[in-house]
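The chains referred to below are lettered A, B, ... by the order of the sequence lines, with proteins before strands, and numbering in each begins at 1.
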Amino acid sequence: MSGTSQHQSIGMMRSDSIPLLGRGPAYDVESVRFRYQSNESQAARWILDNISFHVQEGEVLGVVGPNGSGKTSLLKVLARLMTPQQGHITLFGQDLSAKTQREVACLVGVVPQDTQMLFPFTVAESVLMGRFPHRARDRWIGGFGWESREDLAIAAQAMMTMDIVHLAHRSVTDLSGGERQRTVIARALAQTPKVLLLDEPTAFLDLQHQVEICSVLRRLRDERGLTVVLVSHDLNLVSQYCDRILLLDHGQIVRLGVPDEVIEPEVLESVYRCRVLVDRHPSTGLPRITLPGRQLSGEN
Amino acid sequence: MVHVIREDLLKQLPATVEPVSCTGILSHEPGRMVSQGAILTNSRWMATLGVLSLTAIAVGLICLHFGAQPIAYGEVLRALFDTVSLKDSTDETSDIAKTILLQVRLPRILLGFLVGCSLASVGVALQALLRNPLADPYVLGVSSGAALGAAVGILFGVGTTFLAETALPACGFAGGLVALLVIYRMAATYGQLPIHSLLLTGVILNAIFSALIMFITSILEPNRSYGMMAWLMGTLTAPTYGSLVALIIYLSIGLFLLFRHMRVLNILALGEESARTLGIDTEQAKRSLFMVTALVTGAVVSVSGMIGFIGMVVPHAVRLVIGADHRLLLPASALVGGIFLMSADTVARTLIAPTEIPVGIITALAGGPFFVYLLLWRKDRLA
């Protein structure tokens, strides 16, 4: 390989170019261990095993790792959908487990992996549901409560951001996978969260919308200081669009750093047990991986 | 080359995501998307429920007219007006008609309306709660639990004493609650209350309760066992006003609690995990909703037996027409359920008068084909 020095200088440049890193942590995760409760058999292995890291406010953090490495579990623990057995998590300096579900929902938007919908809500209705945590307080008339003008404006904005305005009246049960995905992201944006957690947000999307959503996430980070934690299988996407990458394996952190520190052939090969080629993206200079293809000899 | 492509992208992106003014896209003012029914508006809510309420009153009057002996609409209206204004009737011959109307038909029609309302509302709640558009109280085993409770009451002779009116609903309650507790206890052994284990528990309970009901039916004397069979198939009998008022008070509490959860039901229908990320304490919401539905079901089953079709078909059909927002779906389904059961019961008591058919049979026979028709019709419209 020719450029160890070039490699490092790009890495340095990259970490310098993160403008919002001085803001302090959005999440502070301290020695968290989590496992699923399985009828008192103590043998259940830790899905997340002693994990500690910070998520800086205003950064886009990519979480990668092989299947079953604990990526989705980590996201669910951050979303307070599951409570870790050990360790603790603070969200903007406050204990996550001490917050109510509604308080968390006002700060954290979640885009789950499975976005299947059963009931024929319209796209506009489902995006408006993102306003629920902010309007859940009025309990007595809560059953009838109508959305305020502000709610409608925020939902419309979210729909424009996700390019689904033309689908507003369509039933979510009739949408394509990508349209549904964008609807769910719009719903999360309508929560006006400070943190957005996404689980495989680009899984159903075509190239245009993959690029668009990632760009939108970066734009929201720049404009509103949105913090994004993004779980993905797509190492190249994560490398191009995330400020930092967290590589998980067997519930433990293997590497955490800027793309140059994580997307390294030796690291990836040991984790994924598969040969990969790492070179540079021609326009961004960020690391790019390629699978070895059919002829294994003579490369790298 | 690559740089050119990238610049293209950068140029194109801000155009697609440009934040522009939001007026007209979603607003309560009559705008483009509102007219397409993109969101539920106050005016659509009022209009739909207004039309349905008027329909309910009209259907109620028509049902008063029909019976073993039809009573002219003029007389129906006059009798109702006299009663409301507390005026004594002067006409001797209309007294009999008035007695039939006020003592027999009216309470029975009101009962039918209430039972229909309750079953449809409970169906809506359970469908959202279980994320199963075909769920109803019967799937959960709550109805058969209530029925078993009432059957045990009949077995020990409660049904033949003057206690029947007050004690049988209590037995129904007890049965429904026992079913609820068993379901909850069994499902809760898994720590949480996952929805599929809840469904499975309901299926198993249903089988056990049905077997016990059949056992009780088979050991009863033939004439009592016939009465119980008729009740199990679903029959409405004219209640006294006292018991009707008790039922009204009871059901309005239950339905009020259900109606308070309309927006929560919207969110729960998205699935448990999504509901939690939108700030709902799902365990608590499920517990209270489940309790309310079980209690309403218990009360309804004890007075009307197993009328099993309304809770499933009415919400489903209404949803196809007016959409899924529970703020409209729940009250609209309640009204449609009431209208549906009033009409079905009128058919049941007049079709081969003076013999009456269990109304459960009519609802199933009328509701099934209607449901199929609606599905086919909507499919045509969508294609």
Side-chain angles (χ1 to χ4, degrees), chain A residues 37 76 79-81 100-106 108-110 112 114 116-126 128-130 132-133 135-136 139-140 142-147 149 152-153 155-157 159-161 163 165 168-169 171 174 184 187-188 191 211-212 215-216 219 282-284, chain B residues 1-3 5-6 9-10 12-14 16-20 22-28 33 36-42 45 127-128 131-133 189-191 258-267 269-271 273-274 276-282 319-320 323-327 330 382:
Chain A
Q37 229 75 27
K76 286 185 178 175
R80 204 176 169 277
L81 290 173
T100 66
Q101 204 70 47
R102 198 180 67 79
E103 284 168 347
V104 175
C106 289
V108 181
V110 182
D114 178 22
Q116 201 62 45
M117 311 229 200
L118 274 171
F119 292 96
F121 291 105
T122 67
V123 168
E125 279 169 350
S126 16
L128 268 173
M129 284 182 202
F132 181 82
R135 307 250 308 133
R139 291 207 64 168
W140 285 99
F144 295 90
W146 300 102
E147 287 83 9
R149 208 162 262 285
L152 296 173
Q157 179 77 59
M159 286 167 69
M160 269 182 287
T161 307
D163 187 23
V165 174
H169 63 282
S171 161
D174 301 337
V184 175
R187 187 176 75 210
Q191 282 173 255
V211 170
E212 239 175 63
S215 309
V216 163
R219 193 171 63 82
S283 71
T284 62
Chain B
M1 266 305 283
V2 181
H3 283 270
I5 292 168
R6 189 171 158 75
L9 277 180
L10 286 175
Q12 171 200 343
L13 275 173
T16 24
V17 297
E18 183 76 7
V20 283
C22 309
T23 41
I25 289 194
L26 288 175
S27 69
H28 276 313
M33 284 164 61
Q36 286 169 337
I39 57 168
L40 177 62
T41 55
N42 216 334
W45 192 84
Q127 286 170 16
R131 294 193 79 215
N132 184 341
T189 47
Y190 297 93
L258 264 190
F259 277 48
R260 260 188 63 195
H261 281 91
M262 288 192 292
R263 293 180 70 217
V264 173
L265 285 174
N266 272 347
I267 310 289
L270 296 175
E273 223 168 68
S274 297
R276 293 188 64 193
T277 65
L278 287 169
I280 287 183
D281 181 349
T282 48
R319 192 182 289 117
L320 280 179
D325 194 324
H326 287 80
R327 285 174 296 186
L330 189 57
L382 290 174

In sequence, state the C-alpha distance, the side-chain angles, and the governing distance for B:Arg263 and A:Met129, and then conclude on side chain to side chain contact (heavy atoms under 4.5 Å, CB included). CA-CA 9 Å; B:Arg263 293 180 70 217; A:Met129 284 182 202; over 6 Å; no
Is A:Pro112 in contact with chain B via its backbone, its side chain, both, or neither, using a 4.5 Å heavy-atom distance? side chain
Segment of B:Ile280 engaging chain A (4.5 angstrom heavy-atom cut-off): both
Between the CD atom in B:Glu273 and the CG atom in A:Leu81, the distance rounded to the nearest 0.5 Å is 5.0 Å
Using 30° and 60° as the class limits, which term best fits the ring planes of A:Phe121 and B:His326: parallel, tilted or perpendicular? tilted
Does the pair A:Arg219 and A:Thr161 meet the rule for a side chain to side chain contact (heavy atoms under 4.5 Å, CB included), with working shown? CA-CA 10 Å; A:Arg219 193 171 63 82; A:Thr161 307; 3.9 Å; yes
Side chain from CB out, backbone as N, CA, C, O: work out which of these in A:Val184 comes under 4.5 Å of a heavy atom of chain B, or both, or neither. neither
Which one, B:Leu258, B:Leu265, B:Thr277, leads in non-hydrogen pairs under 4.5 Å with chain A? B:Thr277
